[in-house]
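These notes are about the structure you will find just below.
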Amino acid sequence: MELLKQQILPLVQEAVSKLGTSNLPIETMLQPTRELDQGDLTLPCFPFAKALKMSPVAIAESLASDFPKHTSLCEVTAINGYLNFRVSPHWLASQLLTGAMETTHDVAERSVLIEHTSANPNGPFHVGRARNAILGDTLVRLHRLWGHEVTAEYYVDDMGKQVAVLAWALEHLSSSEVERLLSDRDAVNPTWETKADHQRVRWYQAAQKLRQHEDEAPAIEKAIGELVHASENGDQSVLDSFEQAYQPVLDGMLETLGRLGIQFDRFTKESRFVTNGEVSALMDELGALEINGTADNGAQYLDLGARGLKGKTEFFYRRGDGSSLYATRDIAYHRWKWSMSNELINVLGEDHKLQAKQVGLTLEELGLERPEVVFYSFIKLPEGKMSTRQGNVVFMDDLLEEAKAQAAKVVADLRQDYEQETIHHIAEAVGTSAVRFNIINVSPEKGFSFRWEDALSFESGSAPFIMYSHTRACSIHRRVSELLGSEVKTTINLPKELPQGLVDLLRVLGRHNDCLRKVVLEHRPHLFAEQLLHLANGYNAFYRDCYIIDEGEVNEFFYLVSELARDVLRKGMEGLGIVPLESM
RNA sequence: GGGCGUGUAGCACAGCUGGAUAAUGCACCGGCCUCCUAAGCCGGAGAUCGCGGGUUCGAAUCCUGCCGCGCCCGCCA
């Protein structure tokens, strides 16, 4: 609890120095307690033992008995060699209710560019890609919540083989040929028949099949190879035809993402860096580097072994025919990104780890910094990895429909007086929020298997649990507004005794910004999801212990706490992309 | 074979810049709706922190060796 730490750190430092210890880093040693029932901050006294020739238990006790009184503290105790500090609930309440949560930020002026999703526009958005989009968008939202200026960017892979295959198929295959080739697969879900991403992916999949099995494969391969080559050389007519092929698919994907509350500020096309000459300029620069090498056929690489890379150390950036590679364009792209922002964050699948390292080392070689990268492990189906090519995917459109349907069932069951329209509105919010939460709740580097029953869980420890607490706070707000109009007092009259549920809620609120700071700095949104669960839990206990409206009378102090919690809950939910409904 | 990551209750998952009785949810057992929305609340039970060594006053956390799982090791994207 930074709020408390700021107050007592000087006191602790003074007390420790009085005992006569050398200069240990008290600031980092004074940490949040692990055992919440022991207090809010703790100072382990073990490291002092040697210098003082006293037992840690005795040191802690001595410090505790002499510790000066301070308004922010209600208790200082010594247990098992720990010096524990408990925040005064009255002090905490008055701090929180006078805007402490707004003023604790010291946000540096930063313009953050977060690139995420950037999936190849060759088919509908599927759950295997969801982790990137949800992780990325949550980072965008949390950085904004913290006060950073953020640009959310989608890097569009508008050249290369995947789009080439799609473009080729759309031009050369008829609808009946496509369906014949895919006769052993499920037909398009009728719900999405008119959605371009679901339509066009059939052409892509049919072409992939042709490329593997038919006699005509070599000819197709040649045609596609020519398209790829032309696109890599910046042939505008080919790039235009690619765009015509993928843009409707991309639009369909973005529609799906929009349903999850995911939006982008900018789309940057990969081909841009080829057509504007930056890639070829870059390759010339790389060629002049000390660690540059040339293969027999003229292909060029950097020997990154000289920069500490292990394993395969040659990083090829130019082919024998002089054309660039994906990673080369990525470097040009990063150079451009650095020209606009002073913090770069990329969200990438773990399969990109090596390449990200190569790109990062090369950027350093060019005198630039590496971007920060958040890696995540893939979402698998219980049957294995998802692949658009093979068609074993769960489409996000289907998941969201199913989530909504399940949520609608729950709402209709619980709220039998609601109109259909209301039920649909709530179900949509609950469904999409639950899907997001289910994914963001897990730390990114951990493997994740998609299971319907988990994705559609609406019980405690899920988004609806948080949403429900928030609606309780909203309901109270409505009722109090009816009772008091706008005559809510702003002077606080604290009762002597504060109920436990209230104290616990204040303490969760007191830790809230500590958590947000850590999450933004370390890119670990799952910890913020956990914080919101604690907050919702805390609000529920407060709601249980403290009647804000009792026999028609409003307890104004309780109400102010409720309103603070409502505000923090709502902002936090927005930070996670959970829809803050006002009733459900 | 080499590199990176991961392994915590029946299941899922937090904690990993060393600190107290390893947190949370599901499932399981028991209790709570004449009272601000019970999608809730309270209580109970459940863990050789993958296995073996080491460092330390102290190890789930750091080092090391094994084992399981995932990803990567293209002049592909």
Side-chain angles (χ1 to χ4, degrees), chain A residues 28-29 31 33-38 42 44-47 49-50 55-56 79-82 84 120 157 159-163 228 270 295 297-301 309-314 316-321 323-327 329-330 349-355 357 375 377-378 380 385 407 410-411 413-415 426 430 438 441-443 445-449 451 453-454 457-469 471-480 501 526-527 529-530 533-534 536-537 540-541 543-552 554 558-559 562 583-584:
Chain A
T28 52
M29 286 169 63
Q31 56 198 271
T33 50
R34 202 175 83 189
E35 311 299 318
L36 280 178
D37 54 345
Q38 302 287 358
T42 190
C45 296
F46 307 93
K50 235 174 212 167
S55 78
I79 301 162
N80 302 334
Y82 292 86
N84 293 330
N120 279 314
D157 190 353
M159 50 192 294
K161 202 162 261 174
Q162 304 227 27
V163 252
V228 171
E270 188 181 340
N297 67 350
Q300 286 176 288
Y301 60 88
L309 190 69
K310 292 178 196 161
K312 197 206 165 195
T313 60
E314 292 136 345
F316 280 88
Y317 63 88
R318 194 192 319 240
R319 292 198 187 96
D321 68 3
S323 62
S324 63
L325 288 117
Y326 175 82
R329 287 166 235 140
D330 204 21
E350 60 181 342
D351 56 337
H352 279 66
K353 276 186 181 176
L354 175 60
Q355 189 194 297
K357 203 159 205 173
F375 292 106
S377 173
F378 287 114
K380 302 173 297 182
K385 199 175 163 179
V410 176
V411 181
D413 189 40
L414 256 31
R415 308 277 183 264
I426 296 171
V430 167
N438 178 245
N441 194 23
V442 181
S443 79
E445 68 278 8
K446 223 95 158 191
F448 191 107
S449 275
R451 291 188 192 85
E453 60 270 33
D454 293 345
S457 150
F458 301 135
E459 326 213 357
S460 0
S462 70
F465 172 80
I466 297 165
M467 295 168 81
Y468 185 67
S469 290
T471 61
R472 279 178 155 172
C474 289
S475 163
I476 283 168
H477 172 72
R478 280 193 300 272
R479 286 168 152 267
V480 171
H526 67 285
L527 298 178
E530 195 183 31
L533 286 175
H534 288 312
N537 225 318
N540 288 339
Y543 179 87
R544 176 199 66 213
D545 286 354
C546 303
Y547 274 67
I548 293 149
I549 304 163
D550 205 2
E551 318 232 330
V554 177
F558 289 168
Y559 179 58
S562 177
S583 66
M584 62 189 275

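These numbers were taken from a predicted model, which means no experiment stands behind them.
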- Query: So what does A/Val411 hit on the nucleic acid, given a heavy-atom distance under 4.0 Å: a base, only sugar-phosphate, or nothing?
  - Reply: base

- Message: Using 0.5 Å steps for rounding, measure from the CE atom of A/Met584 to the OG atom of A/Ser475.
- Response: 13.0 Å

- Task: Scan A/Phe465 against the nucleic acid and name what it touches under 4.0 Å (heavy atoms): base, sugar-phosphate only, or nothing.
- Result: sugar-phosphate

- When all nucleic acid strands are considered with a 4.0 Å heavy-atom cut-off, which category describes A/Ala49: base, sugar-phosphate, or nothing? nothing

- Just call it for A/Gly320: base, sugar-phosphate, or nothing, with non-hydrogen atoms closer than 4.0 Å on any strand. base

- Give one of base, sugar-phosphate or nothing for A/Met584, where a contact means two heavy atoms less than 4.0 Å apart. base

- Query: Can you find a side chain N or O atom of A/Lys357 that sits less than 4.0 Å from OP1 or OP2 on B/G3?
  - Reply: no

- Atom NZ of A/Lys310 and atom P of B/G2 are separated, to the nearest Å, by 13 Å

- Task: Taking atom C1' in both B/A27 and B/U64, compute the distance separating them and give it to the nearest angstrom.
- Result: 39 Å

- Which part of the nucleic acid, if any, lies within contact of A/Pro56, taking any heavy atom under 4.0 Å across all strands shown: a base, the sugar-phosphate backbone alone, or nothing? nothing

- Task: Keeping the roles fixed (side chain from A/Gln31, backbone from A/Met29), state whether a donor-acceptor pair exists under 3.5 Å.
- Result: yes

Under 3.5 Å, which N/O atoms of the protein pair with N/O atoms of nucleotides 71-74 of chain B?
residue : atom : partner  : partner atom : Å
B/C71   : O4'  : A/Glu350 : OE2          : 3.4
B/C71   : O2'  : A/Glu350 : O            : 3.4
B/C71   : O2'  : A/Asp351 : N            : 3.4

- Message: Students often get this wrong, so: under 4.0 angstrom with heavy atoms, is A/Cys546 touching a base, only sugar-phosphate, or nothing?
- Response: base

- Task: Remember a base hit wins even if backbone is also touched, and classify A/Ile466 as base, sugar-phosphate or nothing at under 4.0 Å, heavy atoms.
- Result: nothing

- Item | Any A/Arg544 side-chain N or O less than 4.0 Å from OP1/OP2 of B/C36 | no

- Pairing partner of B/C41 (Watson-Crick or G-U wobble, both distances under 3.5 Å): B/G31

- Task: Among B/A14, B/C36, B/A77, find the nucleotide with the atom closest to the side chain of A/Ser475.
- Result: B/C36

- Query: Could you state the CG-P distance from A/Asp454 to B/G25, rounded to the nearest angstrom?
  - Reply: 16 Å

- Task: Measure the distance from CE on A/Met29 to P on B/G58 and round it to the nearest whole Å.
- Result: 17 Å

- Within the structure, does a side-chain N or O atom of A/Ser469 lie under 4.0 Å from either OP1 or OP2 of B/G40? no

- Message: OP1 or OP2 of B/C75 versus the side-chain N and O atoms of A/Arg318: is any pair under 4.0 Å?
- Response: no

- Query: Donor-acceptor pair, A/Arg329 side chain versus A/Ser324 backbone, under 3.5 Å?
  - Reply: yes

With 3.5 Å as the limit, what N/O pairs link the protein to nucleotides 20-24 of chain B?
residue : atom : partner : partner atom : Å
B/A20   : OP1  : A/Arg34 : NH1          : 3.0
B/A20   : OP2  : A/Arg34 : NE           : 2.8
B/A20   : OP2  : A/Arg34 : NH1          : 2.1
B/A20   : OP2  : A/Arg34 : NH2          : 3.0
B/A20   : O4'  : A/Tyr82 : OH           : 3.4
B/A20   : N6   : A/Thr42 : OG1          : 3.1
B/A20   : N6   : A/Asn84 : OD1          : 3.1
B/A20   : N1   : A/Asn84 : OD1          : 3.3
B/A20   : N1   : A/Asn84 : ND2          : 3.0

- Measure from the ring centre of A/Tyr301 to the centre of the six-membered ring in the base of B/C75, then say whether that distance is under 5.5 Å and the planes meet at under 30°. no

- Message: Work out how far the C1' atom of B/G54 is from that of B/U61, and round it to whole angstrom.
- Response: 15 Å

- side-chain N/O A/Arg451 vs B/C11 OP1/OP2, d < 4.0 Å: no

- Side chain of A/Tyr547 (C-beta onward), nearest among B/G15, B/C35, B/A39: B/C35

- Message: Quick check: any donor-acceptor pair below 3.5 Å linking the side-chain of A/Asn441 to the base of B/C13?
- Response: no

- Message: In whole Å, measure the gap between the C1' atoms of B/A47 and B/U21 for me.
- Response: 13 Å

- Query: Between atom CZ in A/Phe448 and atom C1' in B/A12, what is the gap in whole Å?
  - Reply: 10 Å

- Taking OP1 and OP2 of B/G15, is either one under 4.0 Å from a side-chain nitrogen or oxygen of A/His526? yes

- Message: If you only use heavy atoms from C-beta on, which nucleotide in B/C36, B/C75, B/A39 is closest to the side chain of A/Ala299?
- Response: B/C75

- Message: Is the phosphate of B/A77 approached by A/Asn120 (side-chain N or O, under 4.0 Å from OP1 or OP2)?
- Response: no

- Query: B/C28 and B/G65: how far apart are their C1' atoms, nearest whole angstrom?
  - Reply: 40 Å

- Message: For B/C33, does the O4'-C1'-N9-C4 or O4'-C1'-N1-C2 angle fall within 90° of 0, making it syn, or is it anti?
- Response: syn

- Message: With heavy-atom distances below 4.5 Å as the criterion, would you say the side chains of A/Cys474 and A/Arg478 are in contact?
- Response: yes

- Query: Checking all strands, does A/Ser323 fall into the base, sugar-phosphate, or nothing category for heavy-atom contacts under 4.0 angstrom?
  - Reply: nothing

- Separation of B/C76 atom C1' from A/Arg329 atom CZ, nearest Å, is 10 Å

- Message: Quick check: on RNA chain B, is the nucleotide nearest A/Lys353 upstream (toward 5') of the one nearest A/Asp545, or the reverse? Name the residue that is more 5'.
- Response: A/Lys353

- Select one nucleotide: of B/C36, B/C57, B/U6, the one nearest the side-chain heavy atoms of A/Glu445. B/U6

- Atom-to-atom span, CG of A/Leu527 to P of B/C13 - whole angstrom: 15 Å

- Item | Base-pairing mate for B/C36 - Watson-Crick or G-U, with both contacts under 3.5 Å | none

- Query: With both distances under 3.5 angstrom, what nucleotide forms a Watson-Crick or G-U wobble pair with B/C66?
  - Reply: B/G50

- Task: Identify the nucleotide, in any strand shown, that forms a Watson-Crick or G-U wobble pair with B/C71, with both distances under 3.5 Å; if there is none, say none.
- Result: B/G3

